[in-house]
S.K.: 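Take a look at the following structure, please.
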Amino acid sequence: MSASAVKTLVTGGSGHLGANLVRRLLKDGYAVRVFLRKGSNNTALDGLDVERVYGDLRDFPSVVAAVRGCDRIYHCAANVSTLDGDTHFKQEIYDCNVTGTIHILRAALDTGVERVVVSGSFSAIGHHPSQPSDETVPFNPFYPHLPYGFTKSCVWHECLKAYADGLNVVIATSCAILGPNDFKPSRMGRTLIDFANGKLLAYVPGGFEFVAARDIVEGHILAMEKGRPGQNYIFSTQFVTVDELMGIFEEVTGRDRPKLRLPGAVMAGIAGVADFVFPRFFPNMPRRFTSGAVRILRMHRRADCSKAKNELGYQTTPIKDAICEAYECFARRGLIQNQTIPLGIGI
Ligand SMILES: NC(=O)c1ccc[n+]([C@@H]2O[C@H](COP(=O)([O-])OP(=O)(O)OC[C@H]3O[C@@H](n4cnc5c(N)ncnc54)[C@H](OP(=O)(O)O)[C@@H]3O)[C@@H](O)[C@H]2O)c1
């Protein structure tokens with residue numbers, strides 16, 4: 001069957017991963033339907049030849065209407081957050097991520113969808129203190145996880161239940177995404193914008209496993225084409241320390257890193273105070289350093305994506321290219337003032 005005959009639903013198409021995935025699917029010739037929320041910032045899809053269907057993951061009838069008639073689904077939508085949050089927040093993130101995924105999986109089973117790829121998170125993979133984590137390391141619920149991590153662990157569990165019920169579903173697990181078409185923008189995107197505008201005042205040492213947007217998109221396509229049903233595959237590009245990241249940001253933007261490098265323990269203390277103050281006095285203000293974010297950076301988590309490489313032929317691209325592409329996208333959208341490096345020479 002030609003790609004144009006394969007009706008492909010993408011949830012979360014206005015988000016960072018979804019916006020890159022939709023562009024790749026269109027380039028490959030697929031007929032793409034996107035599931036969007038009315039009233040959200042959906043500019044990531046402006047000008048693209050996609051079929052738009054509106055609803056909310058929490059509303060089952062709207063999910064069924066979006067899924068009906070589709071051959072394949074990429075379920076990328078989720079509430080992505082590093083907040084600990086209050087009871088209301090926890091209920092909301094559970095409803096979007098867990099109940100929303102159950103709705104997608106149930107609708108896919110009911111309407112006979114050929115295959116579903118669900119975006120997983122590295123936060124739902126267990127932590128191994130002395131070696132990189134692969135898909136076999138169990139998620140330990142007694143470790144201090146964020147509500148988001150708990151929900152993504154439940155998402156994986158729900159996928160396995162749907163697989164047991166007969167659904168052809170594969171999980172494509174992502175690490176922290178860096179790259180272009182970040183229209184919301186993401187936490188990492190905001191950090192790059194602030195760095196380029198000289199507004200990043202301090203940073204904390206630490207490190208994390210990052211994935212280039214191009215690579216996680218490729219991972220989702222490979223999971224759809226070659227993934228074994230019921231399996232989870234981790235896709236990462238490389239582990240990067242915050243000091244290394246600051247160095248790449250300097251090269252890409254032509255600006256110096258902030259002079260203030262706060263020790264992790266100090267930043268954890270500041271973030272802890274902010275966790276108390278912000279929800280009470282500035283509830284809607286976006287925050288870069290929550291306690292959860294600082295804790296994750298200090299864990300130096302590493303990923304082992306041998307399974308994706310060996311089974312699916314997954315290959316990575318340079319992380320610096322992803323940062324250059326992100327910078328150029330932000331600059332073209334006017335989010336970076338006084339560019340010191342002309343566009344197009346970064347890569
Ligand atoms: N970003 C990362 O570093 C990272 C790391 C690991 C895993 N992941 C996973 O990758 C996937 C994509 O993440 P992302 O970075 O692209 O996230 P994102 O930029 O925050 O986008 C999330 C998307 O989900 C949609 N969404 C959220 N709640 C919804 C609901 N109730 N109904 C319908 N749509 C809803 C959002 O639409 P609205 O604009 O309407 O809210 C948005 O389009 C997620 O499953 C996430 O867990 C991401």
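Each ligand, and each atom within it, is numbered from 1 in the order the structure gives. Throughout, numbering of the chain's residues begins at 1 and tracks the sequence. Just so it is clear, the model here is predicted, and its values are computed rather than measured. Scope of the values below: all heavy atoms of this structure, side chains included, with no hydrogens, waters or symmetry mates.
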S.K.: Ile177 to ligand 1: N or O pair under 3.5 Å?
M.R.: yes
S.K.: Would you mind checking which non-hydrogen protein atom is closest to atom 23 (C) of ligand 1, with the distance to 0.1 Å?
M.R.: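 Here the nearest protein heavy atom works out to Gly12 CA, 3.7 Å.
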S.K.: For Tyr148, take its heavy atoms, then give the atoms of ligand 1 lying under 4.0 Å from any of them.
M.R.: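 Atoms satisfying the 4.0 Å criterion: 6 (C), 7 (C), 8 (N), 9 (C), 46 (C), 47 (O).
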S.K.: Is it the case that the ring center of Phe208 lies less than 6.0 angstrom away from the ring center of Phe239?
M.R.: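 Distance test on ring centres: not under 6.0 Å, no.
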S.K.: Which residue supplies the protein heavy atom nearest to atom 22 (C) of ligand 1, what is that atom called, and how far is it?
M.R.: Ala78 O, 3.4 Å
S.K.: Going by heavy atoms in the side chains, are Leu83 and Ile93 under 4.5 Å from each other?
M.R.: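 No, side chains not in contact.
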S.K.: Is Arg106 positioned over the aromatic face of Phe60, cation under 6.0 angstrom from the ring centre and no more than 45 degrees off axis?
M.R.: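 Yes - Arg106 lies over the ring of Phe60, closer than 6.0 Å to its centre and within 45° of its axis.
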S.K.: To which protein heavy atom is atom 42 (C) of ligand 1 closest, and what is the distance rounded to 0.1 Å?
M.R.: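 Answer, as residue, atom name and distance: Ser14 OG, 3.7 Å.
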S.K.: Taking the side chain as every heavy atom from C-beta outward, state whether Leu260 and Leu201 have any pair of such atoms under 4.5 Å apart.
M.R.: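 Of all side-chain heavy-atom pairs linking Leu201 with Leu260, none is under 4.5 Å.
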S.K.: What protein heavy atom lies closest to atom 32 (N) of ligand 1? Include the residue and the distance to one decimal.
M.R.: Leu57 N, 3.0 Å
S.K.: Can you sort out which atoms of ligand 1 are near Asp56, meaning under 4.0 Å from one of its heavy atoms?
M.R.: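 In order of numbering, the contacting atoms are 30 (C), 31 (N), 32 (N).
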S.K.: Please determine if Asp56 and Arg37 form a salt bridge, counting it only when a charged side-chain N lies under 4.0 Å from a carboxylate O.
M.R.: yes
S.K.: Which atom names give the shortest non-hydrogen contact between Leu26 and Asp49, and what distance separates them?
M.R.: CD2-O, 3.4 Å
S.K.: Are Lys320 and Glu251 ion-paired here, with the side-chain N under 4.0 Å from a carboxylate O?
M.R.: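 Here Lys320 pairs with Glu251 in a salt bridge, since their nearest N and O are under 4.0 Å apart.
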S.K.: If you draw the axis of the six-membered ring of Phe122, does the NZ or CZ of Arg301 fall within 45° of it and under 6.0 Å from the ring centre?
M.R.: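 Satisfied, under 6.0 Å and within 45°.
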S.K.: Suppose we measure from atom 19 (O) of ligand 1 to each protein heavy atom; which comes out shortest, and what is that distance?
M.R.: His16 N, 2.9 Å
S.K.: Please verify whether a non-hydrogen atom of Ala176 lies at under 4.0 Å from ligand 1.
M.R.: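 It does, in that a heavy atom of Ala176 comes within the 4.0 Å cut-off of ligand 1.
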S.K.: What is the closest protein heavy atom to atom 21 (O) of ligand 1, and at what distance does it sit?
M.R.: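 Protein heavy atom with the smallest distance to atom 21 (O) of ligand 1: Gly15 CA, 3.3 Å.
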S.K.: Give yes or no for whether the N/O distance cutoff of 3.5 Å, strictly under, is met between Asn79 and ligand 1.
M.R.: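 The answer is no, given that Asn79 and ligand 1 share no N or O pair closer than 3.5 Å.
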S.K.: Is there a continuous path of hydrophobic side-chain contacts, each under 4.5 Å between heavy atoms, that joins Ile336 to Phe183?
M.R.: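 Ile336 and Phe183: separate clusters.
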S.K.: Looking at ligand 1, is there an atom of it that comes within less than 4.0 Å of some heavy atom belonging to Gly120?
M.R.: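 Yes.
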S.K.: If we set the cut-off at 4.0 Å for heavy atoms, which region of Met188 has an atom near ligand 1: side chain, backbone, both, or neither?
M.R.: neither
S.K.: Against heavy atoms of Ser119, which atoms of ligand 1 measure under 4.0 Å?
M.R.: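 Ligand 1 atoms under the 4.0 Å threshold to Ser119: 10 (O), 11 (C), 45 (O).
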S.K.: Within the 4.0 Å heavy-atom shell around Cys175, which atoms of ligand 1 are there?
M.R.: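 Ligand 1 atoms under the 4.0 Å threshold to Cys175: 3 (O), 4 (C), 5 (C), 6 (C).
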S.K.: Students should be able to answer this: which protein heavy-atom is nearest to atom 6 (C) of ligand 1, and at what distance?
M.R.: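 Minimum-distance protein heavy atom for atom 6 (C) of ligand 1 reads Ser174 O, 3.2 Å.
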S.K.: Could you measure the distance from the CZ atom of Phe210 to the CD1 atom of Ile323? Nearest 0.5 Å is fine.
M.R.: 8.0 Å
S.K.: Between Glu218 and Arg214, is the closest basic N to carboxylate O distance under 4.0 Å?
M.R.: no
S.K.: Heavy atom to atom 39 (O) of ligand 1, shortest distance: which of Lys38, Arg37, Lys184 holds it?
M.R.: Lys184
S.K.: Within a distance under 4.0 Å of any heavy atom of Ser40, pick out the atoms of ligand 1 and give their elements.
M.R.: 38 (P), 39 (O), 40 (O)
S.K.: Is it the side chain, the backbone, both or neither of Val80 that has a heavy atom closer than 4.0 Å to ligand 1?
M.R.: side chain
S.K.: Tell me whether the centres of the aromatic rings in Phe139 and His127 are closer together than 6.0 Å.
M.R.: no
S.K.: Considering only protein heavy atoms, which is closest to atom 25 (C) of ligand 1, and at what distance to one decimal place?
M.R.: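 The closest one turns out to be Ala77 CB, 3.7 Å.
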S.K.: With the threshold set at under 4.0 angstrom, would you say Cys76 reaches ligand 1 through any of its heavy atoms?
M.R.: yes
